[in-house]
Amino acid sequence: MSYDVIVVGLGGMGSAAAHRLAARGQRVLGIEQFHAAHDLGSSHGNSRITRLAYSEHPSYVPLMRRSYELWREVERESGRRLLTMTGAVMLGDPGSSVVSGALLSARQWGLPHDVLEPAEVRRRFPTLNPADDELAVVEDSAGFVRPEQAVLAHSDLASRAGAQLRYGERVIDWTTTPQHAQVSTDQGTYLADRLVICPGAWAPEQLADLRIPLVVERQVMHWFQPRGGVDRFRPEHHPVYLWEADPDHIVYGFPAQDGEDCVKVAFYRRPGVTTPDTIDRSVHPAEVEEITAYLADRIPGLAEHHLRSKTCMYTLTPDHHFVIGAHPRHPRVVVACGFSGHGFKFVPLVGEVLADLVIDGATAHDIALFDPTRTFATP
Ligand SMILES: Cc1cc2nc3c(=O)[nH]c(=O)nc-3n(C[C@H](O)[C@H](O)[C@H](O)COP(=O)(O)OP(=O)(O)OC[C@H]3O[C@@H](n4cnc5c(N)ncnc54)[C@H](O)[C@@H]3O)c2cc1C
């Protein structure tokens, strides 16, 4: 049997693409090497920050507005809870990229926000204890999404719309001819009119001929039971936060989730170049000690009792912007990779864009920033 589209990789982006393509009447085959919502790629760990005051580039803000609409739509259609709005607090000294970037973006886009002095931060958010020379930018249009639930929601909706999703099957190779695209796996060979390739951290292997110098990094998430329990950290009164003490130490964290008795915190980008095949998936005591020490004065009592930690992978482009578009050497192929540690909040939007590119050959969304053929500059 031949398909209209084969989607390679059913993680965050691929599951959303399979859903949108099937919903628009395409005969879709999805192929995933592991099971749905597995924890060996980039889309696991219960929570991802979502925010609108995006300092990275102005292009992200309209895309994020649409993504928020789609998150709610996918929630309604799937019956799963995906997005919780809590607001976000961005902390650091006034010149830090986290604070100055959030402020710039909020002002540029007229987004509701507050700037708080340390005493006011301590009063409004009693768990947070900034230094006297730090500031906080508070943004309301922020919160967190649930990555595993999102992958499951998109996969369910794709199946419901007729997509055939195959798990535990590894793509070995793909190729295109003037007539069709062909995907070879460890279990067979499939033909389709078009391919969508969303391989996450496997992009350096699956999309080597894009010739983009992607770097895969090992990152670690930690869960702690705070002193005195999690009541102070419930999402009804606790925001997500990003805290930049120095450019090498940005920590971010979440409220306690869905009845859990623990909270999650992590460093954004600790050094650790890796590959999906060689990554060290065990987390070492020194890594737990580093974040415990970092939090001791900033969020006293949070890192009281370490419960567990988990690794995850970022796939970074040189400029830290995504790669979404037609493959320059294979017109039948659309790619989505290089989400550089900040892609999850855009998952439903990326699904919509990929379906547009496959079916219409173009999208109304402004994705010029993500052109696979751009010249890469480092940020
Ligand atoms: C610790 C951590 C924290 C993050 N925090 C945030 C955040 O707060 N906010 C935010 O917006 N983003 C965040 N991100 C980034 C975000 O999670 C990623 O950008 C996003 O999950 C990437 O989705 P993906 O579909 O590209 O990758 P994945 O979800 O990993 O999907 C790729 C899929 O392709 C499959 N695959 C690969 N090769 C093959 C093959 N040969 N055959 C079959 N299947 C294959 C893989 O098994 C995998 O399932 C974070 C990431 C990490 C790791």
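This chain uses plain numbering: 1 for the first residue, then up along the sequence. Order of appearance sets the numbers: ligands from 1, and atoms from 1 within every ligand.
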Point-to-point distance, once rounded to the nearest 0.5 Å, from [atom1] of [X] to [atom2] of [Y]:
X: Leu10; Y: His35; atom1: CG; atom2: NE2; value: 13.0 Å
X: Glu217; Y: Ser42; atom1: CD; atom2: OG; value: 11.5 Å
X: Gln33; Y: Asp186; atom1: CD; atom2: CG; value: 9.0 Å

By number and element, which atoms of ligand 1 are closer than 4.0 Å to a non-hydrogen atom of [X]?
X: Phe34; value: 47 (O)
X: Cys198; value: 32 (C), 33 (C), 34 (O)
X: Arg170; value: 42 (N)
X: Met221; value: 1 (C)
X: Ser43; value: 20 (C), 21 (O), 23 (O), 28 (P), 29 (O)
X: Glu169; value: 43 (C)
X: Gly41; value: 30 (O)

Would [X] count as a polar contact of ligand 1, with the cut-off being nitrogen or oxygen pairs under 3.5 Å?
X: Gly12; result: yes
X: Trp202; result: no
X: Gln219; result: no
X: Glu205; result: no
X: Gly343; result: yes
X: Gly14; result: no
X: Met13; result: yes

Nearest option to [atom], as decided by whichever heavy atom of [options] sits closest:
atom: atom 27 (O) of ligand 1; options: Pro276, Pro199, Gly200, Ala16; answer: Gly200
atom: atom 41 (N) of ligand 1; options: Leu242, Val171, Val347; answer: Val171
atom: atom 14 (N) of ligand 1; options: Gly351, Gly341, Ala37; answer: Gly341
atom: atom 9 (N) of ligand 1; options: Ile49, Leu40, Val151, Val183; answer: Ile49
atom: atom 2 (C) of ligand 1; options: Phe344, Phe144, Tyr314, Phe339; answer: Tyr314

> Of all the non-hydrogen atoms in the protein, which one sits nearest to atom 17 (O) of ligand 1, and at what distance?
Replying inline: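 For atom 17 (O) of ligand 1, the nearest protein heavy atom comes out as Arg48 NE, 2.8 Å.
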> Can any side-chain N or O of Thr86 pair as donor or acceptor with the backbone N or O of Pro239 at less than 3.5 Å?
Replying inline: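 The answer is no, because no donor-acceptor pair under 3.5 Å joins these two groups.
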> Quick check: does any side chain N or O of Tyr252 sit under 3.5 Å from a backbone N or O of Ala266, one acting as donor and the other as acceptor?
Replying inline: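 No, because the side chain of Tyr252 does not come within donor-acceptor range (under 3.5 Å) of the backbone of Ala266.
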With under 30° as parallel and over 60° as perpendicular, where do the rings of [X] and [Y] fit, or are they tilted in between?
X: His57; Y: His321; value: perpendicular
X: Phe144; Y: Phe254; value: perpendicular
X: Tyr60; Y: Phe322; value: perpendicular
X: Trp174; Y: His327; value: perpendicular

> On the ring face of Phe267, is Arg270 found with NZ or CZ under 6.0 Å from the centre and within 45° of the axis?
Replying inline: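 Relative to the ring axis of Phe267, which defines the angle, Arg270 lies inside both limits.
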>> Check whether Phe125 forms a cation-pi arrangement with Arg122 (NZ or CZ under 6.0 Å from the six-membered ring centre, at most 45° off the ring normal).
In response: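 No - Arg122 does not lie over the ring of Phe125 by the 6.0 Å and 45° rule.
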>> Counting the benzene-type ring for Trp, do His249 and Tyr268 have ring centres under 6.0 Å apart?
In response: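 Judged by ring-centre distance (under 6.0 Å), His249 and Tyr268 do not meet the cut-off.
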Side chain, backbone, both or neither: which part of [X] comes within less than 4.0 Å of ligand 1 when only heavy atoms are counted?
X: His38; answer: side chain
X: Glu32; answer: both
X: Phe346; answer: neither

> Under 6.0 Å from the CG atom of Asp280, do we count more than 12 heavy atoms belonging to anything else shown?
Replying inline: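 Counting neighbours around CG of Asp280, more than 12 heavy atoms of other residues, nucleotides or ligands fall under 6.0 Å, so yes.
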